[in-house]
Amino acid sequence: MNSILRLIELATISLLCLVSVTWAADPVTISSLQAYPEAYKMKVVQVTGMVSGYEMHHFIGTSSKLEKCVQSFLVDDGSGAIEASYAALCQMGPVLLKDGDQVTVEGHYLGTLDVKSVKKN
């Protein structure tokens, strides 16, 4: 019984390692995203650049009644600019941005970036 549990534990750890590798973001330039949009469609990518055109919107969920903060902005890496949006629960203290911030964002590419994580540089 102990050996079966150990085998299941090892299999689970191996699977989690594979999942984290699969979801790792590929660093790309914005010009590459714009030149080859089909190659990056729905993939998780990483872009580094400067924030401009920043806007913040607040929404209250109809069923959850939780406040959502949605930040919309452009990221410019010198090779081009792309629209991005970052949604998070306001109560969770999301990273708040402003024009001129240097950031690294990771998200799904859908013609724009659906941002999952933001790091100020």
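Since this is a predicted model, take the numbers as computed values, not measurements.
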Item to check | Value rounded to 0.5 Å, distance of CD in Q71 from CE in M56 | outcome: 4.0 Å

Checklist outcome for this item: Output for pair (L66 CG, F59 CZ), nearest 0.5 Å, gives 15.0 Å

Could you pull out all donor-acceptor pairs under 3.5 Å where a side-chain atom in residues 40-47 meets a protein atom, sequence neighbours excluded?
{"residue": "K43", "atom": "NZ", "partner": "A39", "partner atom": "O", "Å": "3.2"}
{"residue": "Q46", "atom": "NE2", "partner": "E106", "partner atom": "OE2", "Å": "2.9"}

Checklist entry - Who pairs with S72 by side-chain hydrogen bond (donor to acceptor under 3.5 Å, both in side chains), at least two apart in sequence or on another chain? => result none

Item to check | Under the salt bridge (charged side-chain N to carboxylate O under 4.0 Å, His left out) test, residues paired with K68 that sit two or more places apart | outcome: none

Next on the checklist: Going by the rule salt bridge (charged side-chain N to carboxylate O under 4.0 Å, His left out), which residues pair with D114 if we only count those two or more places apart in sequence or in a different chain?
Outcome noted: K116

Distance-only check: which donor-acceptor pairs under 3.5 Å involve side-chain atoms of residues 84-99, not counting sequence neighbours?
{"residue": "K98", "atom": "NZ", "partner": "D101", "partner atom": "OD1", "Å": "3.1"}
{"residue": "D99", "atom": "OD1", "partner": "G53", "partner atom": "N", "Å": "3.1"}
{"residue": "D99", "atom": "OD1", "partner": "Y54", "partner atom": "N", "Å": "2.9"}

Checklist entry - Closest approach of V75 and T48, non-hydrogen atoms and distance? => result CG1-C, 4.4 Å

Next on the checklist: Test of understanding: clusters of I, L, V, M, F, W, Y form through side-chain heavy atoms closer than 4.5 Å, transitively. Do V115 and L110 belong to the same one?
Outcome noted: no

Next on the checklist: Would you say V103 ends up clustered with L74 if hydrophobic residues are merged whenever their side chains have heavy atoms under 4.5 Å apart, either directly or through other cluster members?
Outcome noted: no

Name each donor-acceptor pair under 3.5 Å that joins a side chain in residues 30-37 to protein atoms two or more places apart or in another chain, with its distance.
{"residue": "S31", "atom": "OG", "partner": "T29", "partner atom": "OG1", "Å": "3.2"}
{"residue": "S31", "atom": "OG", "partner": "S79", "partner atom": "OG", "Å": "3.4"}
{"residue": "S32", "atom": "OG", "partner": "T29", "partner atom": "OG1", "Å": "2.9"}
{"residue": "Q34", "atom": "NE2", "partner": "A81", "partner atom": "O", "Å": "2.8"}

